[in-house]
Structure formats: C-alpha cells, structure tokens
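In what follows, a structure is listed as structure tokens, so that the remarks can point back to it.
We name chains A, B, ... by the order of the sequence lines, and we start the count at 1 in each one.
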Amino acid sequence: MNHPLHITNSLSRQKEQFIPLNSPFVGLYVCGPTVYGEAHLGHARPYITFDVLTRYMQHLGYKVRYVRNITDVGHLENDADEGEDKIAKKARLEQLEPMEIVELYTNSFHDSMRALNNMPPGIEPRASGHIIEQIAMVNQIIANGYAYESNGSVYFDVINYSKSNDYGKLSGRIIEDLIAGAGSERRELEGQEEKRNPADFALWKKASPEHIMRWPSPWSDGFPGWHIECSAMSMKYLGETFDIHGGGMDLLFPHHESEIAQSKGSCGKAPVKYWMHNNMITINGQKMGKSLGNFITLRELFTGEHKLLTQSYSPMTIRFFIMQAHYRSTLDFSNEGLQAAEKGMNKLLAAAALTSKLKPSTTSTSDVKGVRENAYAALNDDLNTAIAISHLFEGVRIINSVYAGTEQLTADDIAHLTETMNLFAYQLLGLKDEIEASGDELDGVMQLLLSLRADAKSKKDFATSDRIRDELIKLNFTIKDEKDGTIWTKS
RNA sequence: GGUCGCGUGGCCGAGCGGUUAGGCAGAGGUCUGCAAAACCUUGUACAGCAGUUCGAAUCUGCUCGCGACCUCCA
C-alpha cells in the first residue's frame, strides 16, 4: 500500500505512521459506554470515529479485532448523592433491578449504534462478566507490590509504582502535583483516608450496605475500581500489548493513565502502542456531558423531540456532521450546522446515485483519479474525514457536470469515479441511503400521476400540472422535471 | 493554581511557511411555462499587538477571550 496511514499518538503527541505490532493483525480497544442512561450526541463521536478507522484499516487489508466494552458495574458518584453507585441509584429511583437498567440502556445503545451504521465490534465484553479477571489482575498487582489493601478496599500505590515507572506520561501529569493533591478545589472524596496517598486510585472498593451491585472478592464484598475493567478485558482479548486504544479525550486522565499503570503493574509491559483520543462535542462552547446536563440524546436528535432542536436529524446526518470535522477538534452543536450537514450529505449521496446514469464520452475533461488519490491521502493523514469529504465534493461536481452535459468522462473514468464514490462514501465513511425504497405499487401510482401531469403540461394546463406537483410535495415527494422525463423521490 | 488546547469570512469547518479547502446560507447568471435540481461567477476571514522570514492564518513572544483535564463523564 503506497498510502501509509498516519495517526496521532497521544503518547508522543505527534502523528506517527501506523505500523501494527503483528501485521496483518490489529488489536483495537475502545472505551465503551457506561449504561446508566441514554446515549447522547457526544457518544456518537468516538464510535463513529473508530468505526471509520476500523473500516479503513480493513480496507487496507488488516485483520482488525475491535473490542469495545460495556461498563455495567457501578462506579462511585461523588456528587451530592454521596458516592452512590450510579446504576444502583438509578435502579432505586425507577424500582427496577440494576441489571434491568443495564439491559435497557445497552439495548438502546445498540439501537443507536445500528442507526448510525456503526459496525458492531468483534467483541463487546461486559465488565460484570469479567469480575474474575479483574480480581485476578488486582491480585497480581498486589503480589508485585504496587497495590495494598485498606479496610476491604484495594488501592494502587502510585508512589511505589512511580519509583520505576513514569506515571503521568500519557496525560502530562506531574507526580508531585498529584501527590500534593494539587488543585485548589480538589474535593473531599469518600474513602480518602483509606489511601496512603491522594494520588492512589481504587482497584477494588468495599461496598457499603446499601450498595446493591456487589461481588465477592478476597478483600470484601464490593465492586471493581473504574479503571481495572478496561485493563483486564483488553488484556484478555487483545493480549498484554496491543496496537490501538481509543476513547474520548476526557478519559485521558485519570482513566487511561491508570490503565497503563495497572497493566505495567501486573505484567510489566506497557499495554498500548498507539493511544488515540477524540475531542469533545460542545454546545454553546461547552462540553456536552452527562454531568453537566447539557446533552441531547441520539434518540432526541432522531425524533426532534428536544427544546433546542428546530427539527429532527437523521442518523446519517449526525454521522456526516461528525465526519465533517476532524476527530481531534472540538465540534460545536448547532441546528444550523446540522442542517448544513443534512443538505450537503443529500447532495453527496444524490450524486453518488447519479453515477449509474452517466453517459460515456470519448474523452474526459476532469481528473477523476485525483479525487481518489486526494481522498486516500486525507484518510492517511490522521483520518481526516473532513478533507476526504471535501474531495468527494469535487467528485460530486464532476458527476453533476457530466450529467448536465457541461463536462465529459470516458467509460473508464466513469467507472473509476463511481468506484471512488461508492468506496469512500458508503464503504469507508459508512454512509447509507435513507430514502425509502419504493415498492412497485407506489412506483406504478407515481408513474400514473406523473403521466397525467405530463399530459396536462403538454396541453399547457399548468394549473393541473402544478396542482399534482404541489400536492405531492406536501406528501414529501420531490418532483424534478428533467430533459428526458420526470424524476420523483420520497424523503 | 497546575497541565493541555482553541480563537478562521453570515454559519459550520479544513489548514501545520508561499498554491482555491469544502459544506450551508447570500448575490448575479445559465436552464425552465413556473418550480426543483444542477452548472458557472461572486464576497469583507484568519482575536489583538510586536517579532522572525524574501514571504505567516501557519513559527516566536506578549495581551485579550474561550474551553478541556486535574472528580463520574465519549
């Protein structure tokens, strides 16, 4: 492949050529959702980003094992609710079993992912199904001297670990600051007094009596710490060292930093070669997040049922909107931005569909090979989907011009361009047509109406012909009169 | 307070020292009975100040503004 893929590695903060540890196999782990609520727009970003990455790597010939977890064991919530388990708390509110909540939101998450046309990961392990592996890992870390038990809980000993390891390398933290409890507004966290040092983090937490989600362990009835699940499950399915670990930038610290420490603390090896982090989606310039309460769920976007939405947006519009920005930039939500994405995407897909109607010429007036080369170059340059799309619009221009007769393409070039559009728009960027497929019956009815309209037009009876068109428009049909007939589509 | 990042034309959003990003919207034109679509043309952009350079939106410094992480968060 003469198009080497480069990706930004958070470890080095630089673009690096992607070279798999064990080509052609690629191990990819992406932090999945905590299933205690509906997935929102912010969740769509990493999963679309890494879906495109997976699609592209597969296209390049790699055998990708894509692992994405479901976090269904509760984590501490240190807000006004005083450290209740998020899932347990929600369960009590709704009078449901914790696992019912987990199931509900897991299914909902899957529905949204499917709607966005994200391919399912190859393995989607649940944290609750890997308690044994997590306990084993904690045991190993204790045995290696990097963790200690305290009152039924187990904490990672950051100080001791740092003597021979560089805790903070990924996130740029300075260990002394963490030890000092830096941050003038650092909150008083529950269980702080159990730690030897403020920088230490939990590997296992003893459950308080009201804590519903709990599992037996050598130390207490409790639950695993927040970071250990990803370490245990990535190691189980991808090995001690694998290629790419992805997730949102907000997970960089402490989550991913701690994952590195846990893996090195247990097996002595750094777990990941390339760390990739997508930036946040913002709303009014501020991060969209659960805790801020400023999120719009994917379901709300699909239905338009949210006070900030002026209309509904289809899953593909969301996908296109996200891909029109580079994954490492923040992306600001707005109705205007979404509407622009919707129109642009429809234009792109309409042109892609038009390729089958192009008539070949003996010469070409545009460089169709450049479109493909540029699109490849964009994806190779840190998965720059925004640039790739901009080049596809050059393809759109060519297609429409050829169709309009102002440009010409040879049969070979038409085939080349068609293949490019299909490859990038559908296969790699993962777009799909959302226009309802029409049955033969509907098409028959439409042809009848359009022929009546054509008759009226030929008699200059424009009142009748416009009436037919206007009424159809009200029913969300689009009618286009072209040189050799009338085309209709249903939106 | 510490670490990191951002500030681009009406809106969104690329950009990594010199060449048109692109989309949406706007204006004009072609086509059309009209419309829709498409095509062509088009606009005042790089927060501010100073510096480096033949040349800076792109590098350096300062100023202003915004944000992320440091606590659960994609």
Side-chain angles (χ1 to χ4, degrees), chain A residues 13 15 30-34 36-37 39-50 74-79 83 86 168 171-174 176-178 180-189 226 246-255 277-282 285-292 295 320-321 324-326 328-345 347-348 350-351 354 374 378 381 384-394 396-397 399-401 403-407 457 460 462 465-466 469-470 473 478-483 487:
Chain A
R13 292 138 203 261
K15 283 181 198 169
V30 176
C31 285
T34 304
Y36 64 89
H40 61 72
L41 180 59
H43 291 100
R45 174 104 101 147
Y47 306 133
I48 287 170
T49 298
F50 291 106
H75 295 312
L76 285 177
E77 184 180 0
N78 290 298
D79 57 15
K86 277 184 173 167
S171 57
R173 298 298 127 141
I174 297 160
E176 284 73 20
D177 293 347
L178 297 170
S184 50
E185 291 168 24
R186 177 176 270 269
R187 292 192 205 171
E188 284 303 311
L189 304 180
W226 176 40
M249 273 184 190
D250 50 351
L251 298 178
L252 230 146
F253 187 89
H255 187 54
H277 292 97
N278 62 276
N279 215 319
M280 302 293 103
I281 286 181
T282 58
Q286 194 177 38
K287 172 186 169 181
M288 183 180 285
K290 267 188 182 118
S291 48
L292 291 168
F295 59 88
F320 193 78
F321 174 68
Q324 264 196 313
H326 188 250
R328 289 184 60 83
S329 299
T330 56
L331 171 60
D332 200 51
F333 160 87
S334 70
N335 282 288
E336 295 74 15
L338 256 348
Q339 282 159 10
E342 180 178 58
K343 291 188 179 178
M345 181 192 66
K347 184 175 169 182
L348 177 70
L354 204 56
N374 289 333
D381 185 11
N384 200 325
T385 52
I387 296 288
I389 287 170
S390 79
H391 290 297
L392 294 187
F393 274 109
E394 168 65 9
V396 169
R397 205 209 94 240
I399 289 166
N400 286 329
S401 294
Y403 187 70
T406 56
E407 293 218 28
K457 279 177 66 173
K460 306 280 185 195
F462 297 122
S465 67
D466 288 352
R469 183 178 64 198
D470 294 344
I473 287 171
T478 303
I479 307 302
K480 289 189 212 169
D481 291 334
E482 304 204 336
K483 290 193 195 86
I487 288 177

With distance as the sole test, does A:Arg45 use its side chain to make a donor-acceptor pair with the main-chain N or O of A:Met280 at under 3.5 Å?
yes
So does A:His40 get a backbone contact from the side chain of A:His43, meaning a donor-acceptor N/O pair under 3.5 Å?
yes
A:Asn374: side chain to side chain donor-acceptor pair (under 3.5 Å) partners, not counting sequence neighbours
none
Using atom P in both nucleotides, what's the gap between B:C59 and B:G23 to the nearest angstrom?
26 Å
Say we look at B:C11 and B:C46: how far apart would their C1' atoms be, to the nearest angstrom?
16 Å
So which protein nitrogen or oxygen atoms get under 3.5 Å of nucleotides 37-44 of chain B's nitrogens or oxygens?
| from | atom 1 | to | atom 2 | distance (Å) |
| --- | --- | --- | --- | --- |
| B:A38 | O3' | A:Asn400 | ND2 | 3.1 |
| B:C39 | OP1 | A:Asn400 | ND2 | 3.3 |
| B:C40 | OP1 | A:Arg397 | NE | 2.9 |

For A:Lys480, give me all partners under side chain to side chain donor-acceptor pair (under 3.5 Å), at least two apart in sequence or on another chain.
none
For a 4.5 angstrom cut-off between non-hydrogen side-chain atoms, does A:Asn278 reach A:Arg328?
no
Heavy atoms, side chains only, cut-off 4.5 Å: are A:Leu41 and A:Phe295 in contact?
no
Taking the side chain of A:Ser291 as its heavy atoms from C-beta onward, which of B:A74, B:C72, B:G2 lies nearest to it?
B:C72
Any non-hydrogen side-chain atom of A:Glu482 less than 4.5 Å from a side-chain atom of A:Tyr403?
yes
With side chains defined as the heavy atoms from C-beta onward, is the minimum distance between A:Leu354 and A:Asn400 less than 4.5 Å?
yes
A:Arg397 side chain near A:Glu407 side chain, heavy-atom distance below 4.5 Å
yes
Close side-chain approach of A:Thr282 and A:Phe333, heavy atoms under 4.5 Å:
no
Partners meeting side chain to side chain donor-acceptor pair (under 3.5 Å) with A:Ser171 (sequence neighbours left out)
A:Glu257
What distance, rounded to whole Å, do you find between the two P atoms, one in B:A56 and one in B:U60?
15 Å
CG of A:Leu251 versus C1' of B:C70: gap in Å, rounded?
14 Å
If each of A:Gly32 and A:Ser171 is mapped to the nucleotide of RNA chain B with the nearest heavy atom, which maps nearer the 5' terminus, i.e. the 5' end?
A:Ser171
Could you state the CZ-C1' distance from A:Phe253 to B:C70, rounded to the nearest angstrom?
6 Å
Minimum-distance nucleotide to A:Asp481 side chain [options: B:C34, B:C69, B:A74]
B:C34
Looking at B:C34, does its base get a donor-acceptor pair with the side chain of A:Arg469 below 3.5 Å?
yes
Applying a 4.0 Å non-hydrogen cut-off, can you work out what A:Ile281 is touching in the nucleic acid: base, sugar-phosphate, or nothing?
base
Given the C1' atoms of B:U44 and B:C39, what is the spacing between them in whole Å?
26 Å
With a 4.0 Å cut-off on heavy atoms, is A:Leu252 in touch with a base, just the backbone sugar-phosphate, or nothing at all?
nothing
Verify the contact: side-chain N or O of A:Lys457 to OP1 or OP2 of B:G33, cut-off strictly under 4.0 Å; return yes or no.
no
OP1 or OP2 of B:A25 less than 4.0 angstrom from a side-chain nitrogen or oxygen of A:Lys343, does that happen here?
yes
Would you sketch RNA chain B in dot-bracket for me? Only Watson-Crick or G-U wobble pairs with both distances under 3.5 Å count, crossing pairs as [ ], other-strand pairs as |, the rest as dots.
((((((((.[[[..)..(...]]].(((((.......)))))....[[[[[..)....]]]]])))))))....
Using atom C1' in both nucleotides, what's the gap between B:A45 and B:G10 to the nearest angstrom?
12 Å
Using atom P in both nucleotides, what's the gap between B:U8 and B:G48 to the nearest angstrom?
10 Å
A:His255 NE2 to B:C70 C1': how many Å, rounded?
16 Å
RNA chain B: A:Asn279 or A:Gly172, which has the more 5' nearest nucleotide?
A:Gly172
Whether A:Asp332 side chain and A:Gly285 backbone form a donor-acceptor pair below 3.5 Å:
yes
Per-nucleotide protein contact along nucleotides 7-18 of chain B, 5' to 3', at a 4.0 Å heavy-atom cut-off (B base, S sugar-phosphate only, - neither), is ----S-SSSB--
For A:Tyr403, answer base if it contacts any base atom (sugar-phosphate contacts may also be present), sugar-phosphate if it contacts only those atoms, and nothing otherwise; contact means non-hydrogen atoms under 4.0 Å.
nothing
Heavy atoms under 4.0 Å, any strand shown: does A:Phe462 hit a base, just sugar-phosphate, or nothing?
base
For the C1' atoms, the ones on B:A50 and on B:U19, what distance do you get once it is rounded to whole angstrom?
28 Å
Distance in angstrom units between A:Asn374 CG and B:U20 P, rounded:
14 Å
Side chain of A:Arg13, heavy atoms from C-beta onward: which of B:C69, B:C4, B:A35 has the nearest atom to it?
B:C4
Between B:G13 and B:G17, how far apart are the two C1' atoms, rounded to whole Å?
22 Å
Does A:Asn384 reach the main-chain N or O of A:Ile387 with its side chain, forming a donor-acceptor pair under 3.5 Å?
yes
Base, sugar-phosphate, or nothing: which does A:His277 touch, judged by heavy atoms less than 4.0 Å apart?
nothing
When we call it a touch if two heavy atoms are under 4.0 Å apart, what does A:Met280 touch: a base, just sugar-phosphate, or nothing?
base
Within-4.5 Å side-chain heavy-atom neighbours: A:Thr385 and A:His326:
no
Once you apply a heavy-atom cut-off of 4.0 Å, does A:Lys287 come out as touching a base, just sugar-phosphate, or nothing?
base
